[in-house]
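Every chain is numbered from 1 and lettered A, B, ... according to where its sequence line falls, protein lines coming before strand lines. All values below were derived from every heavy atom in this structure, side-chain atoms included, with hydrogens, water molecules and symmetry-related copies excluded.
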There are 2 protein chains.
Amino acid sequence: MRINRNHATEIKERPLTTQRRLLLDILREAESHLDARELFHRAIGKDPHISLATLYRNLRLFKEMGLVDERCLDEAHCYYEIKRSPEHYHLVCKACRRVIDFESPLISKLIDEVRRDSGFDIVKASLYLEGYCPQCKSEEKAR
Amino acid sequence: MRINRNHATEIKERPLTTQRRLLLDILREAESHLDARELFHRAIGKDPHISLATLYRNLRLFKEMGLVDERCLDEAHCYYEIKRSPEHYHLVCKACRRVIDFESPLISKLIDEVRRDSGFDIVKASLYLEGYCPQCKSEEKAR
DNA sequence: ATAGGTGCAAATGGTTTGCGAAAAC
DNA sequence: GTTTTCGCAAACCATTTGCACCTAT
């Protein structure tokens with residue numbers, strides 16, 4: 001079995017090795033938003049022999065093939081997630097670090113607007129909103 | 001002289017040392033979007049004795065004080081820029097890496113929408129659009 | 001005199017790479 | 001038999017930290 005990206009360009013097709021399947025399965029099953037550390041932790045759980053090098057090599061491959069998105073919130077927090085459709089965006093609580101996905105039709109409107117004004121051919125949009133979730137807000141107040 | 005953030009909360013006021021002024025000046029004068037390496041390069045130009053440790057310590061301080069924003073496009077590309085108003089967002093060309101700033105009233109509409117739906121108190125929005133700029137698009141076609 | 005800042009050099013820690021062995025085709 | 005992947009250990013490199021000195025109050 002092989003993996004590749006439907007609208008692939010010059011990127012070669014690659015075999016779906018046991019390790020790659022393992023990693024992709026974890027990413028798919030995850031409630032999403034795993035960092036490399038957590039992904040490795042879960043991978044070790046399923047196959048104690050898998051190595052970090054393999055993990056990073058394949059994360060990079062997945063990124064290049066467009067199977068996985070890398071989301072870097074800041075220097076210290078990079079998360080990986082399987083691409084799913086429809087596209088969605090992220091809302092992060094600065095207190096508890098909970099991440100919520102959301103969608104909004106306003107974004108495609110915005111993209112159209114920018115495309116028209118700038119002449120860019122836009123292929124990807126990343127949007128993070130940060131703030132405080134209802135729980136953390138009220139805990140804050142209680143203090 | 002001192003630096004602090006107008007709507008400061010618990011963050012102490014800090015003295016504006018020569019090194020801090022130097023760094024802030026560079027960030028202010030920059031056409032924006034400097035990474036740590038480039039910032040250091042320019043800093044060394046003005047004061048050959050300034051150290052990387054000072055640069056990182058102060059970048060972190062500036063972030064905490066809300067003077068500077070850190071934008072991480074991916075693992076390898078973190079950029080720092082002085083906060084200016086009004087808020088603006090980024091459009092990056094995947095081919096030439098050019099970065100364009102833009103604003104749009106649709107974003108505050110979007111934020112209102114998300115705030116209403118999620119109950120979050122939203123304090124920051126980061127939006128990157130990636131694609132190909134008009135020049136790179138036509139060079140691509142020419143090939 | 002005390003607190004905070006700086007430079008230097010060493011430590012840290014996440015990510016990458018070189019290499020020989022193993023697997024895929 | 002050639003090509004690709006893997007695991008291991010070593011290398012890399014951006015960032016952080018410990019410490020002694022310095023500066024400002």
#### Entry: Name of the residue among A/Glu38, A/His90, A/Arg71 meeting side-chain hydrogen bond (donor to acceptor under 3.5 Å, both in side chains) with A/His33
A/His90

### Task
With A/Asp112 as reference, evaluate A/Arg115, A/Arg116, A/Lys109 under the side-chain hydrogen bond (donor to acceptor under 3.5 Å, both in side chains) test and give the passing residue.
A/Arg115

I need the [atom1]-[atom2] distance between [X] and [N], as an integer number of Å.
X       : N      : atom1 : atom2 : result
B/Glu70 : D/dA14 : CD    : P     : 15 Å
A/Leu61 : C/dT16 : CG    : C1'   : 15 Å
A/Tyr79 : C/dG14 : OH    : C1'   : 15 Å
B/Asp35 : D/dC13 : CG    : C1'   : 14 Å
A/Asn58 : D/dG7  : CG    : C1'   : 12 Å
A/Leu55 : C/dT17 : CG    : P     : 15 Å
A/Leu23 : D/dC6  : CG    : P     : 9 Å
B/Leu16 : C/dG4  : CG    : C1'   : 14 Å

#### Entry: Closest nucleotide among C/dT6, D/dG7, C/dG7 to the A/Gln19 side chain
D/dG7

#### Entry: Out of C/dG7, C/dT6, C/dT16, whichever nucleotide has its closest atom nearest the side chain of A/Arg60
C/dT16

Does [N] have OP1 or OP2 sitting under 4.0 Å from an N or O in the side chain of [X]?
X       : N      : answer
B/Arg14 : C/dG4  : no
A/Thr17 : C/dA24 : no
A/Thr54 : D/dG7  : yes

#### Entry: Residue whose closest nucleotide on DNA chain C lies nearer the 5' end, A/Arg37 versus B/Thr18
B/Thr18

Polar-atom pairs under 3.5 Å, protein N or O versus N or O of nucleotides 18-23 of chain D: list them with distances, or write none.
from, atom 1, to, atom 2, distance (Å)
D/dG18, O6, B/Arg57, NH1, 3.4

### Query
Does the distance from a Lys or Arg side-chain N to an Asp or Glu carboxylate O, for B/Glu29 and B/Lys46, drop under 4.0 Å?
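Yes, this pair counts.
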
### Message
With a 3.5 Å distance limit and no angle check, can you tell me whether B/Arg20 reaches the backbone of B/Asn58 through a side-chain donor-acceptor pair?
### Response
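Such a contact is absent between B/Arg20 side chain and B/Asn58 backbone.
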
### Message
Quick one: does any side-chain atom of B/Thr54 pair with a main-chain N or O of B/Ile50 as donor and acceptor, under 3.5 Å?
### Response
no

### Query
NZ of A/Lys124: more than 12 outside heavy atoms within 6.0 angstrom?
yes

### Query
Stepwise, does the side-chain contact (heavy atoms from CB on, under 4.5 Å) test hold for A/Asp101 with A/Tyr89?
CA-CA 5 Å; A/Asp101 296 346; A/Tyr89 307 96; over 6 Å; no

